[in-house]
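Here, residue 1 is the first one in the sequence, and each next residue gets the next number. Just so you know, these numbers use all the heavy atoms, side chains as well, and skip hydrogens, waters and symmetry mates.
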Amino acid sequence: MKEFSINSREDISAFFVYLINDLDLSFHPDNPFYDYVNQDGGITFTLDESDYLESILELCFVWCHRNDEDIYELALHAFIEVHKPQLD
(Lines give C-alpha, C1' and ligand atoms only; values in the text may rest on other atoms or scores of the structure.)
Protein backbone atom coordinates (compact mmCIF):
# COMPACT_ATOMS: atom_id res chain seq x y z
CA MET A 1 0.00 0.00 0.00
CA LYS A 2 1.33 3.41 -0.97
CA GLU A 3 2.43 5.84 1.77
CA PHE A 4 0.79 9.26 1.95
CA SER A 5 1.27 12.44 3.93
CA ILE A 6 -1.46 15.06 3.81
CA ASN A 7 -0.15 18.63 3.79
CA SER A 8 -1.90 20.18 0.82
CA ARG A 9 -4.83 20.07 -1.57
CA GLU A 10 -2.52 18.28 -4.03
CA ASP A 11 -1.75 15.56 -1.46
CA ILE A 12 -5.46 14.94 -0.98
CA SER A 13 -6.02 14.82 -4.72
CA ALA A 14 -3.15 12.34 -5.14
CA PHE A 15 -4.63 10.12 -2.42
CA PHE A 16 -8.09 10.20 -3.98
CA VAL A 17 -6.72 9.50 -7.47
CA TYR A 18 -4.79 6.55 -6.00
CA LEU A 19 -7.98 5.17 -4.46
CA ILE A 20 -10.02 5.59 -7.64
CA ASN A 21 -7.42 4.71 -10.23
CA ASP A 22 -4.85 2.41 -8.63
CA LEU A 23 -7.14 0.60 -6.19
CA ASP A 24 -10.11 0.72 -8.59
CA LEU A 25 -12.59 1.92 -5.96
CA SER A 26 -15.90 3.63 -6.39
CA PHE A 27 -14.65 5.93 -3.68
CA HIS A 28 -16.74 8.33 -1.59
CA PRO A 29 -15.28 10.11 1.47
CA ASP A 30 -18.18 8.99 3.69
CA ASN A 31 -17.78 5.25 2.97
CA PRO A 32 -15.60 3.42 5.53
CA PHE A 33 -12.85 1.31 3.98
CA TYR A 34 -13.97 -1.55 6.24
CA ASP A 35 -17.18 -1.79 4.18
CA TYR A 36 -15.66 -2.24 0.72
CA VAL A 37 -16.24 -5.67 -0.79
CA ASN A 38 -14.86 -7.26 -3.94
CA GLN A 39 -16.84 -8.88 -6.75
CA ASP A 40 -16.95 -12.17 -4.85
CA GLY A 41 -18.47 -10.48 -1.80
CA GLY A 42 -15.27 -10.79 0.22
CA ILE A 43 -13.59 -7.93 2.01
CA THR A 44 -11.43 -5.69 -0.14
CA PHE A 45 -8.98 -4.60 2.55
CA THR A 46 -7.47 -6.28 5.56
CA LEU A 47 -8.13 -4.68 8.94
CA ASP A 48 -4.65 -3.12 8.91
CA GLU A 49 -5.14 -1.75 5.39
CA SER A 50 -8.54 -0.33 6.33
CA ASP A 51 -7.08 1.24 9.46
CA TYR A 52 -4.30 2.84 7.42
CA LEU A 53 -6.63 4.19 4.73
CA GLU A 54 -9.07 5.48 7.37
CA SER A 55 -6.23 7.31 9.11
CA ILE A 56 -5.18 9.01 5.88
CA LEU A 57 -8.78 9.91 5.06
CA GLU A 58 -9.17 11.42 8.54
CA LEU A 59 -6.11 13.59 7.85
CA CYS A 60 -7.83 14.70 4.62
CA PHE A 61 -10.96 15.70 6.53
CA VAL A 62 -8.89 17.60 9.12
CA TRP A 63 -6.85 19.40 6.47
CA CYS A 64 -9.98 20.39 4.56
CA HIS A 65 -11.67 21.65 7.72
CA ARG A 66 -8.63 23.73 8.71
CA ASN A 67 -8.20 25.15 5.22
CA ASP A 68 -11.85 25.79 4.38
CA GLU A 69 -11.86 23.26 1.54
CA ASP A 70 -14.72 20.98 0.52
CA ILE A 71 -13.56 17.37 0.67
CA TYR A 72 -16.47 16.25 -1.51
CA GLU A 73 -15.50 18.72 -4.22
CA LEU A 74 -11.93 17.42 -4.13
CA ALA A 75 -13.21 13.84 -4.42
CA LEU A 76 -15.38 14.82 -7.39
CA HIS A 77 -12.44 16.50 -9.12
CA ALA A 78 -10.33 13.36 -8.58
CA PHE A 79 -13.11 11.21 -10.06
CA ILE A 80 -13.33 13.49 -13.10
CA GLU A 81 -9.54 13.51 -13.49
CA VAL A 82 -9.42 9.70 -13.54
CA HIS A 83 -12.47 9.21 -15.75
CA LYS A 84 -12.18 12.24 -18.06
CA PRO A 85 -10.79 10.24 -21.01
CA GLN A 86 -13.82 7.96 -20.78
CA LEU A 87 -16.19 10.92 -20.54
CA ASP A 88 -14.86 12.69 -23.66
Side-chain angles (χ1 to χ4, degrees):
M1 188 131 313
K2 189 173 177 181
E3 296 282 323
F4 287 91
S5 60
I6 303 299
N7 299 302
S8 68
R9 180 184 177 117
E10 292 76 22
D11 292 341
I12 294 170
S13 178
F15 177 59
F16 289 173
V17 166
Y18 170 76
L19 296 173
I20 297 165
N21 194 43
D22 296 6
L23 298 184
D24 198 27
L25 293 182
S26 295
F27 168 71
H28 187 282
D30 291 341
N31 292 346
F33 291 100
Y34 307 100
D35 293 348
Y36 284 93
V37 293
N38 58 32
Q39 291 179 349
D40 299 328
I43 61 169
T44 301
F45 303 109
T46 66
L47 184 58
D48 287 341
E49 290 169 333
S50 293
D51 287 345
Y52 172 70
L53 293 170
E54 286 291 330
S55 70
I56 299 301
L57 183 59
E58 178 62 25
L59 293 173
C60 294
F61 271 100
V62 169
W63 189 93
C64 284
H65 178 74
R66 289 183 179 159
N67 292 279
D68 198 29
E69 291 280 353
D70 185 339
I71 196 165
Y72 304 103
E73 183 179 317
L74 295 178
L76 178 60
H77 285 288
F79 178 85
I80 291 169
E81 179 181 330
V82 169
H83 294 289
K84 184 164 178 41
Q86 298 166 353
L87 299 173
D88 287 339

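Summarising the geometry of S50 relative to F45, their closest heavy-atom pair is OG-CB, 3.4 Å, with the distance given to 0.1 Å. Across all non-hydrogen atoms, the minimal contact from L57 to P29 is CD2-O, 3.3 Å. A pairwise comparison of heavy atoms in E81 and S13 identifies OE1-OG, 3.9 Å as the closest pair. In terms of heavy-atom proximity, E69 sits nearest to W63 at CG-CZ3, 3.5 Å.
Here the side chains of R66 and F61 are not in contact, with every heavy-atom distance at 4.5 Å or above. Here the side chains of D51 and E54 are not in contact, with every heavy-atom distance at 4.5 Å or above.
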Notebook entry, point to check: Between E10 and F15, does a side chain to side chain contact (heavy atoms under 4.5 Å, CB included) hold up when you go through it step by step?
Noted result: CA-CA 9 Å; E10 292 76 22; F15 177 59; over 6 Å; no
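Rounding to the nearest 0.5 Å gives a distance of 9.0 Å between CZ of F4 and SG of C60. Note that CZ of R9 and CD of E73 are 6.0 Å apart. Values are rounded to the nearest 0.5 Å. Rounded to the nearest 0.5 angstrom, I56 CD1 and L19 CG are separated by 10.0 Å. Remark: D35 CG to D30 CG distance equals 11.5 Å, nearest 0.5 Å.
Following chains of ILVMFWY side-chain contacts shorter than 4.5 Å, one can reach L74 starting from Y72, so the two form part of one hydrophobic cluster. With hydrophobic clusters built from ILVMFWY side chains whose heavy atoms lie under 4.5 angstrom apart, I43 does not share a cluster with L23. Under the 4.5 Å side-chain contact rule for hydrophobic residues, F33 and M1 share a cluster. Under a hydrophobic clustering in which Ile, Leu, Val, Met, Phe, Trp and Tyr are joined whenever their side-chain heavy atoms come within less than 4.5 Å, directly or via other members, L53 and Y34 fall into different clusters.
The closest donor-acceptor contact from the side chain of E49 to the backbone of T46 lies under 3.5 Å. At least one donor-acceptor pair closer than 3.5 Å links the side chain of N38 to the backbone N or O of D40. Between the side chain of Y18 and the backbone N or O of K2 there is at least one donor-acceptor pair closer than 3.5 Å.
Each of I12, D11, I6, N7 was compared with L59 under the side-chain contact (heavy atoms from CB on, under 4.5 Å) criterion, and only I6 meets it.
Residue D22 qualifies as enclosed at atom CG: its count of foreign heavy atoms under 6.0 Å is above 12.
Within the 6.0 Å centre-distance limit, the rings of H83 and F79 are counted as a close aromatic pair. For F27 and F16, the ring centers are positioned less than 6.0 Å apart.
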